[in-house]
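A short write-up of the structure that comes next.
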Amino acid sequence: MVDWRKPPRLFIPGPVLVKEDVLQQLARPTLGHRGKEYAQLHGEVIDMLKKVLFTNQHVFLVTSSASGMWEASIRNCVDFNETVLATCCGAFSDKWADVIKSCGRNCDELKVEWGQAVTADMIDKKLASGKYAAITLVYNETSTGLTNPLYEVSEMMKKKYPDVLVFVDAVSGLVGLPMHFDQLGWDIVFASVQKAFALPPGFTVAAVSNRAMEKCKKVPQRGYYFDFAPFVKSNEKNQTPTTPSIPHIFGLHYQCTKLVKEGMENVWKRHKEMGDYTRAWAKEKFGLFCEEKYASNTLTTVKNTRGVVVADIIKAVQEKHQTAFGNGYNKLKEVTFRIAHMGDITLKDLKELTGWIDSELK
Ligand SMILES: Cc1ncc(COP(=O)(O)O)c(C=O)c1O
């Protein structure tokens, strides 16, 4: 019988496992969000996030899941007569294109087959028209388990299209994959915290460039809750425009302290090791859904080459070991399945999980 009080250990690609010591941070006594104690907490978290995201520009603490930032990026930084190039390579990048249209902006889509990457060449060909004010990119497509080559894309864009604003959904990429915000020349990057930050869902961190803020001032009707201008103003006082989810910020403080101490190079290396292990297992027992060159270090989308009933294996592992991994997303259900290897998940955890899946295969 299902009991929400006794959930499985989560290896789904978000929310992922949140450790007990992290959860306890969220239970700290609450603070008044206009008080000095909160301001101290806020300032410390922003300072650490700047180190984690490699930026000296703006960092926002946003009380919403990441989908809010899909909308915010468009409503703040794209005018109604401008056109956005949305790159689409899976379920989440496709959804962002829908959000652009729902905000009443013009949107052209650069679509590739699910499982393929969006490359610098493809983008170059589209941007050459000179038609686009901004581009949307998904760093790590959670449906296909693919990391787009965004360092190459960014180099190309800085050289050839320096005026096009760059918005990046790094939801399942941050902080498991390399990300140097200022150096990459991006304008907005964001991630909700239920992925590699390994916190419960409902909160998002974002980095926003000075250039994006200049643009924002010229865009009318930016809405209320996600208007970037008050975020910058409030940050000056170490506050947020509206009452934030303070428990999440306690959790972020704890997690960022660990990240800074470990060093981001080491954090990325740790994720690569987990990716290498999971990919090796997947290739031996099944196959990879996307080309290995682009396979993600934060989650693996495994191709169900054996034609097993994925739902049955998920059910068995959950019943026997109180552990859950993910079926394929949307049209990839049963055709693939997904294992998260990010945040506070360890190699030891992954060995245990893959061992249990192996037992079910027998
Ligand atoms: C790549 C990507 N973008 C956006 C989202 C939506 O994020 P949220 O559920 O935090 O709104 C997800 C959710 O899994 C995602 O994986």
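Counting starts at 1 for both ligands and their atoms, following the listed order. Heavy atoms only: backbone and side chains are in, while hydrogens, waters and symmetry mates are out. The first residue of the sequence shown is numbered 1, and numbering continues consecutively from there.
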Centroid-centroid under 6.0 Å between Y161 and Y132 rings: no

K195 contact mode with ligand 1 (heavy-atom cut-off under 4.0 Å): side chain

Which segment of N140 sits under 4.0 Å of ligand 1 when only heavy atoms are counted: backbone

Protein contact of atom 3 (N) of ligand 1 - nearest heavy atom, named by residue and atom, plus distance: D169 OD2, 2.6 Å

More than 12 heavy atoms of other groups within 6.0 Å of R28 CZ: no

K101 atom NZ, neighbour heavy-atom count above 12 within 6.0 Å: yes

Nearest neighbour in protein (non-hydrogen) for atom 5 (C) of ligand 1: F92 CD2, 3.7 Å

Ring centers of F60, F190 separated by less than 6.0 Å: no

K303 atom NZ, over 12 foreign heavy atoms within 6.0 Å: no

For atom 7 (O) of ligand 1, the option (of G68, A191, A66, S65) bearing the nearest heavy atom: A66

Heavy atom of the protein closest to atom 6 (C) of ligand 1 (residue, atom name, distance): S67 OG, 3.6 Å

Protein heavy-atom partner closest to atom 10 (O) of ligand 1 - residue, atom, separation in Å: S192 OG, 2.8 Å

Criterion salt bridge (charged side-chain N to carboxylate O under 4.0 Å, His left out) on K272 and D276, from CA distance to verdict: CA-CA 6 Å; K272 181 172 181 308; D276 284 343; 2.8 Å; yes

Contact partition for W96 relative to ligand 1, non-hydrogen atoms under 4.0 Å: neither

Q194, portion touching ligand 1 at heavy-atom distance under 4.0 Å: side chain

Proximity flag Y139 to ligand 1, non-hydrogen atoms under 4.0 Å: no

Pair H253, Q25: side-chain N/O donor-acceptor within cut-off below 3.5 Å: no

T142-S172 side chain donor-acceptor pair, cut-off 3.5 Å: yes

Heavy-atom nearest neighbour in the protein, as seen from atom 1 (C) of ligand 1, with distance rounded to 0.1 Å: T142 OG1, 3.2 Å

